[in-house]
There are 2 protein chains.
Amino acid sequence: MERDVFSALADPTRRRMLDLLVRQERAAGELGHAFPHISQPGISRHLRVLREAGLVRVRQERRHRYYSLRSERLAEVDAWITKYRGFWEFELDSLEAYLDSKKRARGEHRA
Amino acid sequence: MERDVFSALADPTRRRMLDLLVRQERAAGELGHAFPHISQPGISRHLRVLREAGLVRVRQERRHRYYSLRSERLAEVDAWITKYRGFWEFELDSLEAYLDSKKRARGEHRA
DNA sequence: ACAGTATATACCCTGTCGGTTATCCAAGTG
DNA sequence: CACTTGGATAACCGACAGGGTATATACTGT
């Protein structure tokens with residue numbers, strides 16, 4: 001338990017699994033069908049990692065185990081990256097300003 | 001080259017390095033001082049991973065190599081997580097609505 | 001040219017990851 | 001109860017990640 005969220009997200013298969021869970025919960029087997037090249041135990045272990053990272057929850061109904069997204073941990077990641085958001089907005093602004101100054105320079109040439 | 005951003009972010013040391021670069025560029029050695037338990041080559045290799053993931057750029061000046069943040073890739077991660085943002089806002093709304101309905105229920109009891 | 005500082009690379013070792021097959025368990029069904 | 005189905009766990013394996021020490025490279029000042 002208590003596994004690092006970022007390392008859980010490091011694997012592309014697991015990221016795609018989360019993608020599949022955005023709109024609806026899905027049974028483990030259903031998720032598995034999306035990855036025909038991975039064996040059933042492989043799928044099960046990926047799901048375990050996601051569980052241990054707190055990224056999904058499971059609900060048992062009849063014979064099926066339905067996985068669904070848990071928002072909290074993803075929100076943490078979002079919070080982390082928010083620190084940087086201001087930064088790249090600044091960089092893009094700089095680029096824009098640079099291009100803008102160039103354009104203006106050209107304009108002045110012609111004027 | 002061309003290394004996966006998510007796996008580069010999977011290591012906590014590398015995340016902290018990025019944190020150190022948010023406000024200013026820093027020389028490799030300067031970054032190293034923040035991690036006294038890791039040897040100089042270890043630091044250098046973490047920086048290489050960040051470089052190969054496109055998360056930082058390097059600039060050589062005199063004897064120093066100054067690392068600074070590159071926004072593009074972080075913006076990609078942000079774009080990825082954006083798909084989920086709506087989701088957890090929905091979940092939080094649901095929670096809020098639930099608590100709200102409870103409060104209202106209590107209110108009705110008293111009323 | 002030499003010594004010193006800043007950083008990267010080579011090489012090795014160990015632990016973890018992701019995959020596989022075989023097996024187990026739990027739930028539903030005849 | 002025996003059988004099937006959905007899914008998790010166990011045991012094993014090759015690849016790789018991340019750490020260390022030793023060494024190479026690059027630039028500076030003398």
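In the text below, chain A, chain B and the rest are named by the order of the sequence lines, each starting its count at 1.
Partner L55(B) forms a side-chain contact (heavy atoms from CB on, under 4.5 Å) with one of L69(B), V5(B), V77(B) and no other, that one being V5(B).
With rounding to whole Å, F6(B) atom CZ is found 15 Å from dG18(C) atom P. Protein atom CZ of F35(B) is 14 Å distant from nucleotide atom P of dG18(D), rounded to whole Å. One can place CZ of R3(B) at 8 Å from P of dG18(D), the figure rounded to the nearest angstrom. As rounded to whole Å, 14 Å separates atom P of dC25(C) from atom CZ of R65(A). Going from atom CD of Q60(B) over to atom P of dT25(D) covers 16 Å, rounded to whole Å. The separation between R59(A) atom CZ and dG6(D) atom P is 17 Å, rounded to whole Å. Rounded to whole angstrom, the span from the CG atom of D4(A) across to the P atom of dA17(D) amounts to 17 Å. At whole-Å resolution of the value, CG in L9(A) and C1' in dC17(C) are 16 Å apart.
Within residues 14-30 of chain A, the residues approached by DNA chain D to less than 4.0 Å at the level of any non-hydrogen atom are A27(A), A28(A), G29(A), in residue-number order. Residues of residues 40-47 of chain B having a heavy atom closer than 4.0 Å to DNA chain D, listed by number: P41(B), R45(B), H46(B).
Considering only side-chain N and O atoms, R63(B) lies nowhere under 4.0 angstrom from the phosphate OP1 or OP2 of dA26(D). Proximity of R62(B) to the phosphate of dA26(D): no side-chain N or O atom is located under 4.0 Å from OP1 or OP2. Taking side-chain N and O atoms only, Y67(A) has no distance below 4.0 Å to OP1 or OP2 of dG6(D). At dG20(D), one or more side-chain N or O atoms of S39(B) fall inside 4.0 Å of OP1 or OP2 (strictly under the cut-off).
No side-chain donor-acceptor contact under 3.5 Å links R65(B) to the backbone of R59(B). A donor-acceptor distance shorter than 3.5 angstrom exists from the side chain of R26(B) to the backbone of L20(B), with no hydrogens or angles considered. Using modelled atom types, one side-chain atom of R73(A) and one backbone atom of A53(A) make a donor-acceptor pair closer than 3.5 Å. Looking at Y67(B), its side chain never comes within 3.5 Å of a backbone N or O of L18(B) through a donor-acceptor pair. Between the side chain of R14(A) and the main chain of L9(A), no donor-acceptor pair closer than 3.5 Å is present.
Comparing dG19(C), dG6(D), dG18(D) by their nearest atom to the side chain of T13(A) picks out dG19(C). For D11(B), taking side-chain heavy atoms from C-beta onward, the closest of the listed nucleotides dG18(D), dT7(C), dA8(D) is dG18(D).
Of all non-hydrogen atoms in S7(B) and D4(B), the two that sit nearest each other are OG-O, 3.0 Å. Across every non-hydrogen atom of F6(B) and R15(A), the tightest pair is CB-NH1, 3.2 Å.
L31(B) and L50(B) fall within a single hydrophobic cluster, where Ile, Leu, Val, Met, Phe, Trp and Tyr are joined by side-chain heavy atoms under 4.5 Å apart, directly or via other members.
Residue whose closest nucleotide on DNA chain D sits further toward the 5' end, between V49(B) and E61(B): V49(B). Heavy-atom distances to DNA chain D give each of H64(A) and S7(B) a nearest nucleotide, and the one nearer the 5′ end belongs to H64(A).
Residues T82(A) and R85(A) bring a donor and an acceptor atom of their side chains to less than 3.5 Å of each other.
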